[in-house]
Amino acid sequence: MRTRAPADPEVREFTAEVVALDDRTVTLDTTYFYAESGGQPADRGTIDGIRVVDVQDDGDAVHHTLASSPDFEVGDTVSGVIDDDFRTYCMRAHTASHVLYGAGRRLLEDLGYGGFDIAEEKVRVDFTTPTDIDDETLVELERLTNRAVWDSLDVSWEEVPTEEATAREDVAFNTKTEEGVMDDADTVRIVDIDGWDVAACGGTHVGNTREIGPVTVLDRSNPGEGLTRVEFAVGPGGIGRSAERHRALRQTAAALETNVDDLAETAVAVRSERDDLQDRVRELEQAAVADAIDGFEAVEKQGATWRLGVLDGVDPNDAGEAAKEAVDDAGVVGAVGGDERPYVVVAAGSESGVHAGDVVDAVTDEYGGGGGGGPPFAQGGGLDADPADVRDALREWESTE
């Protein structure tokens, strides 16, 4: 005995005979409860007033798990009531996934069906396609899906011989998640959205796409190699998400002193202006560091002019780049960071006779930290010393070669 739910999805109440009972697990001679399958969750509802918490199909029979042990026995006639709100949501969501796939057929190359799942807040469809589903494609998927909903396309289903179904190029198969659709059966259940999509499917569906209501595409992701996951919402959840997005767009437009239609263009202009300002700030910061190094104390020793000083609030990498720019062939630049655990950077000219790495090694040997480098440039950090003491150590350093 298989569930009657896919064939008669509008049925919400029925009576049936109990044919098996194992504690809280009930088997009926007929049922309209949908058993969890193919990404669609099990129906909710009651049997003789006791809440149904799970419905599973083992291939031979449909088993209903109740929230508590029942008073009825095998042979009794019981009443089944299916939660109308949840069944209706699942019908709309499942049909919407077919409509979305139909939209994908019109936009994506070599499209395949990689998975499907209905959750309470959103629905997902996994596509296999070499096409990059970028923002523009995602928007077009939503537009085409909602257009098919608006066009009020009839949805029908029928059992078709398996050999005939598999020979048809227009039928989409999802053998991974649509459990029971193939399953060595003589027939395959085909769901046909008039002129839009045809797929093998064992789920429950609405009779016309207008019953789906608005579809809001939420996001996309890549759950695995070759897969693109598209998530969407239907019903109140989708309406709420769409309203939140509309509110955010209008708030953003107001903040940028423009209107929603011009928002994208304005945002691009603002970003360009921001990038220009950041570049200008960067140039000014670099100029300020260069000016600070130009003002360093000049010390003559061992035939080279050393410029030494402390830089407050300057990143060590910025200090290093500025030191390299400032040093001349016969000179040395030594800069110390003004923080609690200062850094040191040393740039040595090719004719200075100074090995910058040896200088930094001497400083880290005395004050800890770590670092290193070659003859033209070296850098150390995490020194346990006052910045002024590190500067004095540079002043006193002398080559032993």
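This structure is a prediction, so every number in the text was calculated from the model and none was measured. Just so you know, these numbers use all the heavy atoms, side chains as well, and skip hydrogens, waters and symmetry mates.
- For CD of E17, the number of neighbouring non-hydrogen atoms (other residues, nucleotides, ligands) closer than 6.0 Å is greater than 12.
- Taking all atoms of both residues into account, the shortest heavy-atom contact from V206 to E211 is CB-OE1, 3.7 Å.
- With S272 contributing its side chain and V268 its backbone, the two residues share no donor-acceptor pair below 3.5 Å.
- No side-chain heavy atom of P6 sits under 4.5 Å from any side-chain heavy atom of W157.
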Requested in this report: Apply side chain to side chain donor-acceptor pair (under 3.5 Å) to the pair Q40 and T204, showing each step before the final yes or no.
Outcome: CA-CA 9 Å; Q40 180 173 331; T204 59; 2.9 Å; yes

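- Stacking of R106 on the aromatic ring of W196 is recorded, both the 6.0 Å distance cut-off and the 45° axial limit being met.
- Considering only heavy atoms from C-beta on, V336 stays 4.5 Å or farther from Y343 through its side chain.
- The closest side-chain heavy-atom distance from E231 to V123 is not below 4.5 Å.
- Using modelled atom types, one side-chain atom of N146 and one backbone atom of V215 make a donor-acceptor pair closer than 3.5 Å.
- Here the OG1 atom belonging to T129 is positioned 11.0 Å from the CG atom belonging to L227, to the nearest 0.5 angstrom.
- Between E244 and R241 there is no salt bridge, since no side-chain nitrogen of the basic residue lies less than 4.0 Å from a carboxylate oxygen of the acidic one.
- When side chains are defined from C-beta on, V333 does not count as touching V346, because their heavy atoms never get closer than 4.5 Å.
- No side-chain donor-acceptor contact under 3.5 Å links R210 to the backbone of S152.
- What you find for F296 and G334 is that their closest heavy atoms are CE2-O, 3.7 Å.
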Requested in this report: Applying salt bridge (Lys or Arg N to Asp or Glu O under 4.0 Å), run through D85 and R44 and close with a yes or a no.
Outcome: CA-CA 9 Å; D85 288 342; R44 300 170 182 175; over 6 Å; no

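- In the displayed structure, D71 atom CG is contacted under 6.0 Å by at most 12 heavy atoms of other residues, nucleotides or ligands.
- With contacts defined as side-chain heavy-atom distances shorter than 4.5 Å, the pair V19/L28 does not qualify.
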Query raised in the report: Given the rule in the side chain to side chain donor-acceptor pair (under 3.5 Å) test, do D23 and S69 qualify, once you have shown the distances and angles that lead to the verdict?
Result: CA-CA 6 Å; D23 190 19; S69 298; 2.9 Å; yes

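- The main-chain N or O of G238 is never found under 3.5 Å from a side-chain atom of S242 such that the two would form a donor-acceptor pair.
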Requested in this report: Quick one: do V26 and H63 satisfy side-chain contact (heavy atoms from CB on, under 4.5 Å)? Show the steps, please.
Outcome: CA-CA 6 Å; V26 181; H63 305 287; over 6 Å; no

Query raised in the report: Does the salt bridge (Lys or Arg N to Asp or Glu O under 4.0 Å) test come out yes or no for D126 and R124, once each step is laid out?
Result: CA-CA 7 Å; D126 293 342; R124 69 164 173 84; 2.9 Å; yes

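- In this structure, CG on L107 lies 5.0 Å from CG on L141, to the nearest 0.5 angstrom.
- Residues I190 and V171 form a side-chain contact, since some pair of their non-hydrogen atoms from C-beta on lies under 4.5 Å apart.
- The number of heavy atoms from other shown groups lying within 6.0 Å of CZ (R274) is above 12.
- At a threshold of 4.5 Å between non-hydrogen side-chain atoms, the residues Y34 and I82 do not count as touching.
- At least one side-chain heavy atom of I118 sits under 4.5 Å from a side-chain heavy atom of Y89.
- V359 and L394 get closest at one heavy-atom pair: CG1-CD2, 3.5 Å.
- The closest donor-acceptor contact from the side chain of S352 to the backbone of A330 lies at 3.5 Å or more, if one exists at all.
- Checked by atom type and distance alone, the side chain of D339 never pairs as donor or acceptor with a backbone atom of R341 at under 3.5 Å.
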Query raised in the report: T131 and E109: side chain to side chain donor-acceptor pair (under 3.5 Å), yes or no, with the steps?
Result: CA-CA 6 Å; T131 305; E109 296 180 1; 4.6 Å; no

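- Pairing each heavy atom of D358 with each of W397, the nearest pair is O-NE1, 4.1 Å.
- Note that NZ of K301 and CH2 of W306 are 4.5 Å apart. Values are rounded to the nearest 0.5 Å.
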Query raised in the report: Passes side chain to side chain donor-acceptor pair (under 3.5 Å), D276 versus Q278? Steps please.
Result: CA-CA 5 Å; D276 290 343; Q278 287 179 336; over 6 Å; no

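- Across every non-hydrogen atom of T228 and R220, the tightest pair is CG2-CB, 4.5 Å.
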Requested in this report: Output, in order, the C-alpha distance, side-chain angles, deciding distance and verdict of side-chain contact (heavy atoms from CB on, under 4.5 Å) for Y32 and D43.
Outcome: CA-CA 9 Å; Y32 290 83; D43 273 328; over 6 Å; no

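- What you find for V188 and T162 is that their closest heavy atoms are CG2-OG1, 3.6 Å.
- A donor-acceptor contact shorter than 3.5 Å links the side chain of N259 to the backbone of D262.
- Here the side chain of D58 pairs a donor or acceptor atom with the backbone of A61 at under 3.5 angstrom.
- Note that the OG1 atom of T30 and the CZ atom of R2 stand 13.0 Å from one another [nearest 0.5 Å].
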Query - Worked verdict on H94 versus C201 for side-chain contact (heavy atoms from CB on, under 4.5 Å) - result: CA-CA 10 Å; H94 205 149; C201 180; 3.2 Å; yes

Report task. Could you walk me through whether F173 and T166 pass side-chain contact (heavy atoms from CB on, under 4.5 Å), step by step? Result -> CA-CA 9 Å; F173 284 93; T166 54; 4.1 Å; yes

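- Open room surrounds CD on E340; 12 or fewer heavy atoms of other groups in view lie less than 6.0 Å from it.
- Interatomic distance, L111 CG to F127 CZ, rounded to the nearest 0.5 Å: 6.0 Å.
- The closest donor-acceptor contact from the side chain of R24 to the backbone of L66 lies under 3.5 Å.
- Between D117 and R229, none of the side-chain N atoms (NZ, or NE/NH1/NH2) sits under 4.0 Å from a carboxylate O, so this pair counts as no salt bridge.
- Using a 4.0 Å cut-off between a side-chain N of Lys or Arg and a carboxylate O of Asp or Glu, D83 and R12 do not qualify as a salt bridge.
- Aromatic ring centres of Y101 and Y113 lie closer together than 6.0 Å.
- Atom CD of E300 has more than 12 heavy atoms from other residues, nucleotides or ligands within 6.0 Å.
- The structure places NE2 of H205 at 7.0 Å from OG of S97, a figure rounded to the nearest 0.5 Å.
- Each of T27, T31, T25 was compared with H64 under the side chain to side chain donor-acceptor pair (under 3.5 Å) criterion, and only T31 meets it.
- Under the 4.0 Å criterion applied to side-chain N and carboxylate O atoms, R395 and E297 are assigned as salt-bridge partners.
- The main-chain N or O of L153 is never found under 3.5 Å from a side-chain atom of D151 such that the two would form a donor-acceptor pair.
- Residue E325 qualifies as open at atom CD: its count of foreign heavy atoms under 6.0 Å is 12 or below.
- No donor-acceptor contact under 3.5 angstrom links the side chains of E398 and Q302, judged on distance only.
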